[in-house]
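Computed from a prediction, not measured in an experiment: that's the story for all the values here.
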Amino acid sequence: MIIAPSLLAADFGHLAEAVDMINRSEAGWIHCDVMDGVFVPNISFGFPVIKSVQSLAQKPLDVHLMIVNPDRYISQVRDCGAMMMNVHYEACTHLHRTIQSIHDAGMKAAVTLNPATPVILLSDIISDVDMVLLMSVNPGFGGQSFIEHTTEKIRQLKALIETSHSGALIQVDGGINQKTAAIVADAGADVAVAGSSVFKAADPLAEIAALASV
């Protein structure tokens, strides 16, 4: 499984060291959570920070926008060197157009579902996206516990992807540790975002390796 450590859980005073650790790890991507204090009740960091991270990164950037009106920032995300731009279903009035615009900007396009948003709502867009992120906690804060119903949503999403012949990856974010990573991988997830379990570990490199091996 691809592991994408989330910089939200890193020490913001030592982001360069965090990126260097991820570069040396078995992680596949670097996950960047952008929060605006409106769509979610917190503020994280913005595009200048992501651009600095990109200048140091040797892994692709997976940028997750937990913000209102994400369409306004497609060019900024592109200019930060993002591989994947991820927007929330709940934040997009015209999701199909948003996905098209992300692709037109040269990035892969992903859509996120909050815990209470059903998978079936993606039936008309699943063939157009490169990835779906299922939030396994309520977005806005790190360190929350995994919502167990997420495993059923993974199975539902996997079935939708297969019946629609979509090539979309399934990503899960929230409460990921070695135990829950194994659970979501078994249910069909391809990518796991890990924050606290990595950056609070005594040996982050070993923790990433263990997560990637599930």
Would a hydrophobic clustering, with Ile, Leu, Val, Met, Phe, Trp and Tyr connected at side-chain separations under 4.5 Å, put [X] with [Y]?
X	Y	value
I102	V34	yes
I2	I30	no
W29	V49	no
V214	V184	yes
I3	M131	no

Side-chain atoms of residues 108-116: list all donor-acceptor pairs with protein atoms under 3.5 Å, sequence neighbours left out, distances to 0.1 Å.
unit_1 : atom_1 : unit_2 : atom_2 : d
T112   : OG1    : N86    : OD1    : 2.5
N114   : OD1    : H88    : ND1    : 3.4

Minimum heavy-atom separation for [X] and [Y], please, with both atom names.
X	Y	value
L61	C80	CD1-O, 4.0 Å
I161	A168	CD1-O, 3.5 Å
K59	S25	NZ-O, 3.0 Å
V172	A189	CG2-CB, 3.8 Å
F45	I50	CE1-CG1, 3.9 Å
V63	A82	CG2-CB, 3.6 Å

Heavy-atom side-chain proximity of [X] to [Y] below 4.5 angstrom:
X	Y	result
I208	P5	yes
V87	L95	yes
P70	C92	yes

Please round to the nearest 0.5 Å and tell me the distance separating atom [atom1] of [X] and atom [atom2] of [Y].
X	Y	atom1	atom2	answer
H96	H94	NE2	NE2	13.0 Å
F199	I22	CZ	CD1	4.0 Å
Q100	I74	CD	CD1	10.5 Å
I154	Q171	CD1	CD	11.0 Å
D62	D173	CG	CG	9.0 Å
S164	I126	OG	CD1	5.5 Å

**Request:** Taking ring-ring contact (aromatic ring centres under 6.0 Å, His included) as the test, write out the residues that go with Y73, two or more places apart.
**Result:**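 Expected list: F47.
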**Request:** Start with the C-alpha distance between M1 and L211, add both sets of side-chain angles, then the distance that settles side chain to side chain contact (heavy atoms under 4.5 Å, CB included), and finish with yes or no.
**Result:** CA-CA 8 Å; M1 186 163 62; L211 290 168; over 6 Å; no
**Request:** State, without any angle test, whether D130 and H103 hold a side-chain donor-acceptor pair at a distance under 3.5 Å.
**Result:**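 Yes.
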**Asked** So, D33 and H31: side-chain donor and acceptor under 3.5 Å apart, yes or no?
**Response**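 Side chains of D33 and H31: pair found under 3.5 Å.
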**Prompt:** Checking side chain to side chain contact (heavy atoms under 4.5 Å, CB included) for the pair K179/F146: CA distance, chi angles, key distance, verdict?
**Reply:** CA-CA 10 Å; K179 177 182 177 181; F146 180 82; over 6 Å; no
**Request:** Check whether any side-chain N or O of D190 sits under 3.5 Å from a backbone N or O of L169 as a donor-acceptor pair, and report yes or no.
**Result:**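 The answer is no, because no donor-acceptor pair under 3.5 Å joins these two groups.
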With a cut-off of 6.0 Å (strictly less than), are more than 12 heavy atoms of other residues, nucleotides or ligands near [atom1] of [X]?
X	atom1	result
E148	CD	no
R97	CZ	no
D124	CG	no

**V198/I176 under side chain to side chain contact (heavy atoms under 4.5 Å, CB included): CA gap, chis, key distance, verdict** = CA-CA 9 Å; V198 167; I176 295 297; over 6 Å; no
**N177 and T180: CA distance, side-chain angles, deciding distance, side-chain hydrogen bond (donor to acceptor under 3.5 Å, both in side chains) verdict** = CA-CA 5 Å; N177 51 41; T180 55; 3.1 Å; yes
**Message:** Consider side-chain contact (heavy atoms from CB on, under 4.5 Å). Of I170, L122, V119, L160, which one does V132 pass it with?
**Reply:**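 Exactly one candidate clears the test, L122.
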**Message:** If you apply the rule side chain to side chain contact (heavy atoms under 4.5 Å, CB included), what do you find for M135 with T117, and how did you get there?
**Reply:** CA-CA 10 Å; M135 292 300 302; T117 304; over 6 Å; no
